[in-house]
Amino acid sequence: MLIVTVAFTTLPENRTRAVGALLSEAPIVRALSGNLGYAVGLDAETPGGVHLTHRWTDAAAFAAYRASDGFAAVGAAVFPLMTGKPVSEVFEAALMDG
């Protein structure tokens, strides 16, 4: 499983727009082949801070999402609202029984 996290900051007055854009994409991403989860959160300690977490079956599924029109559209909506570069992390994880 691949876990992808993205953290970024907007001006506090733009956070609602950024979160709205991410949430509008959520049902589409969750329906994609290989998606195991998509969650948007607010950073309680940073005004304007946003966190996004994706879970994918594998790197190929995530790469297909990154090549999609939906990814480009949400990026076009969110990137201009960011006050700096997003911080992304990618982790490989194994599901454990019990």
Side-chain angles (χ1 to χ4, degrees):
M1 174 174 48
L2 198 70
I3 299 171
V4 180
T5 66
V6 182
F8 64 90
T9 304
T10 68
L11 294 175
E13 61 268 23
N14 289 336
R15 181 160 74 174
T16 299
R17 283 181 39 209
V19 168
L22 294 170
L23 290 176
S24 71
E25 180 74 358
I28 297 164
V29 175
R30 290 180 182 133
L32 292 174
S33 177
N35 182 263
L36 300 172
Y38 178 96
V40 180
L42 305 179
D43 184 333
E45 297 179 11
T46 304
V50 178
H51 292 275
L52 173 63
T53 302
H54 301 230
R55 292 182 299 123
W56 299 90
T57 54
D58 53 39
F62 180 59
Y65 166 61
R66 290 195 56 181
S68 72
D69 291 341
F71 180 83
V74 79
V78 173
F79 281 119
L81 301 175
M82 294 180 185
T83 58
K85 289 186 176 188
V87 176
S88 299
E89 296 180 305
V90 179
F91 305 93
E92 291 211 25
L95 295 174
M96 298 179 67
D97 291 331

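Here the structure is a predicted model, which is why all the values come from computation and not from measurement.
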Flag yes if more than 12 heavy atoms outside Arg30 fall under 6.0 Å of its CZ atom; otherwise flag no.
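Counting neighbours around CZ of Arg30, more than 12 heavy atoms of other residues, nucleotides or ligands fall under 6.0 Å, so yes.
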Glu92 CD: over 12 foreign heavy atoms closer than 6.0 Å:
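It does not: Glu92 CD has 12 such atoms or fewer within range.
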Report yes if the side chains of [X] and [Y] come closer than 4.5 Å at any heavy-atom pair, otherwise no.
X     : Y     : answer
Val29 : Phe71 : no
Val19 : Leu42 : yes
Val90 : Leu2  : yes
Val50 : Asp43 : no
Thr57 : Met1  : no

What's the separation between atom [atom1] in [X] and atom [atom2] in [Y], rounded to the nearest 0.5 Å?
X     : Y     : atom1 : atom2 : result
Arg15 : Phe8  : CZ    : CZ    : 10.0 Å
Asn35 : Arg55 : CG    : CZ    : 8.0 Å
Ser68 : Leu32 : OG    : CG    : 6.5 Å
Glu25 : Tyr65 : CD    : OH    : 4.5 Å
Leu36 : His54 : CG    : NE2   : 12.5 Å
Leu22 : Arg17 : CG    : CZ    : 12.5 Å

May I ask you to decide if Ala21's main-chain N or O and Ser24's side chain share a donor-acceptor pair within less than 3.5 Å?
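Yes: the side chain of Ser24 pairs with the backbone of Ala21.
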Using modelled atom types only, decide if a donor and an acceptor are shared between the side chain of Thr83 and the backbone of Thr9 within a distance under 3.5 Å.
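The answer is yes, because a donor-acceptor pair under 3.5 Å joins these two groups.
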Shortest non-hydrogen separation from [X] to [Y] and the atoms involved:
X     : Y     : answer
Ala18 : Leu81 : N-CD1, 3.7 Å
Ala61 : Gly34 : CB-CA, 3.8 Å
Pro86 : Phe79 : CG-CE2, 3.9 Å

Would you please test His51 and Val6 for side-chain contact (heavy atoms from CB on, under 4.5 Å) and show each step?
CA-CA 6 Å; His51 292 275; Val6 182; over 6 Å; no
Determine whether Thr5 and Phe91 satisfy the following criterion, side-chain contact (heavy atoms from CB on, under 4.5 Å), listing intermediate values before the conclusion.
CA-CA 9 Å; Thr5 66; Phe91 305 93; 4.2 Å; yes
Evaluation steps, side-chain contact (heavy atoms from CB on, under 4.5 Å), between Leu23 and Tyr38
CA-CA 9 Å; Leu23 290 176; Tyr38 178 96; 5.7 Å; no
Would a single hydrophobic cluster contain both Ile28 and Val78, if residues Ile, Leu, Val, Met, Phe, Trp and Tyr are joined by side-chain heavy-atom contacts under 4.5 Å?
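They do not share one cluster, since no chain of ILVMFWY contacts under 4.5 Å joins Val78 to Ile28.
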